[in-house]
Number of protein chains: 2
Amino acid sequence: MGGESAGYVRGEGRNREQVAFELAVIDFFVAAADLLGVPKSVAILYGAVFASVEPVGFSDLERRLQLSRGSISQGIRVLREVGAIKPVGGNGDRIERFLPDMELRKIVDRWLVERLQRQVGTGRERLRSLARGIPGGRSASGRELRARVRQLQNWHDKAAAALPVVRGLLKIG
Amino acid sequence: MGGESAGYVRGEGRNREQVAFELAVIDFFVAAADLLGVPKSVAILYGAVFASVEPVGFSDLERRLQLSRGSISQGIRVLREVGAIKPVGGNGDRIERFLPDMELRKIVDRWLVERLQRQVGTGRERLRSLARGIPGGRSASGRELRARVRQLQNWHDKAAAALPVVRGLLKIG
DNA sequence: CAGCAAGTTCAATTCAAAATGAAATGAATA
DNA sequence: TATTCATTTCATTTTGAATTGAACTTGCTG
């Protein structure tokens, strides 16, 4: 258990249980992030925030995780931009501490839209101009190529239609 | 047009139209592959086969594309394994030539199953063992963490349920 | 204002995946 | 059997993304 993230987590004054839990959470997010093409360090940071009931600040992360300041700073930026973590004020000091935003839905949805929908959109363009350039006129080979491109368009349309459905299904109340 | 793949395509005795078409097709597949995390060279190879009415052999690819023998060999292997191209016999000579398998559906479906379904499966495991290790007993913090993990499970279940639906939607008759 | 703690930036480094190409294989041909 | 040519294998190289860390800001505190 905890093979992947093990090297990234430090004990640092927390008890065994807490550390083990953090480790397991981080593992989970590292696996998921890998699927979505998100950098490991970002997943580790999110996992650490997610696993902590207390809001977590920069120096907490620096202490608990084996990541450079640079990675922590950039990772935090990404996670904020994406809405995965939220700063909480009201500790008196000037340190920013974060809690996980539990609406994972929004994050995943944003990913779906930015990554898939954009590709689907430009795909439509490409296919159109591609269809215009089919060589071979009304010869047999022209007909064959036209059929192939039609297949591609067909498939593309299905994918485009599926996207909104997926977005709907993933909505979590 | 054809910015990405341009460097990989050679004229080699085909006419302008044909080359331009091949280029556009390759561009399309390179973009799609990038989305699915497939190596570029594999997409290029598939594009070249897809764009040709005549079955395409190793040496054709070697001539037409700026790819090493090694990449061509391995790319062909991947594409065959995955069912994206099919060998056609009957030319008298011993050279293997390929046609694209037009059932893209199967390829995408395989990808969905291997990549997503597997992750979803192991995710369930991880979440279960994770839930068992929640620290804090029946304290307030324990309750909070339990709620968070439940959210994760909830989300995970939705994703698991969405997968078959997607597979259904993408089926192209 | 000097000193310090918190965090950011970005050029340099590291690392893993992809691509290469030279040598090995193996099947057909002479 | 020797030769040739098509393809595969795999150790090395390349490439590009992720990560690091040292220098730099920013704003507090004595």
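Letters A, B, ... are given to chains in the order of the sequence lines, protein chains preceding strands, and every chain is numbered from 1.
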Kindly point out which of dT19(D), dT7(D), dA18(C) is positioned nearest to the side chain of P39(B)?
-> dA18(C)

Identify the heavy atoms of R143(B) and R138(B) that sit nearest to each other, and give their distance.
-> NH2-O, 3.4 Å

Between CG of L67(B) and P of dG21(C) the distance, given in whole Å, is 11 Å

To the nearest 0.5 Å, atom CD1 of I44(A) lies from atom OG of S71(A) at 9.0 Å

Heavy atoms under 4.0 Å, any strand shown: does S41(A) hit a base, just sugar-phosphate, or nothing?
-> sugar-phosphate

T122(B): partners by side-chain hydrogen bond (donor to acceptor under 3.5 Å, both in side chains), with sequence neighbours left out = none

Indicate, with yes or no, if L61(B) and V88(B) share a hydrophobic cluster defined by side-chain heavy-atom contacts under 4.5 Å among Ile, Leu, Val, Met, Phe, Trp and Tyr.
-> no

Give the rounded distance in Å between these two atoms: CG of L61(A) and C1' of dG7(C).
-> 12 Å

Given atom CD1 of I95(A) and atom C1' of dG27(D), what is their separation to the nearest angstrom?
-> 13 Å

OP1, OP2 of dT8(D) versus side-chain N and O of S73(B): anything below 4.0 Å?
-> yes

Rounded to whole Å, CD1 of I44(A) lies from P of dT19(D) at a distance of 7 Å

Could you state the CG-P distance from L79(A) to dT8(C), rounded to the nearest angstrom?
-> 13 Å

Listed nucleotide nearest any side-chain atom of S68(B), set dT8(D), dT20(C), dT20(D) = dT20(C)

Out of dT8(D), dT20(C), dT20(D), which nucleotide sits closest to the side chain of F58(B)?
-> dT8(D)

Could you give the distance from CZ (R64(A)) to CZ (R10(A)), rounded to the nearest 0.5 Å?
-> 12.0 Å

With heavy atoms under 4.0 Å as the rule, sort I72(B) into base, sugar-phosphate or nothing.
-> nothing

Figure out the CD/C1' separation between E62(A) and dA5(C), and round it to whole Å.
-> 11 Å

Closest to the S71(A) side chain: dC10(D), dT19(D), dT9(C)?
-> dT19(D)

Which of dT8(D), dG7(C), dT20(D) is nearest the side chain of R69(B)? It is dT8(D)

L65(B) CG to dA19(C) P, in whole Å, measures 12 Å

Distance, rounded to the nearest Å, where F98(B) contributes CZ and dT7(D) contributes P | 8 Å

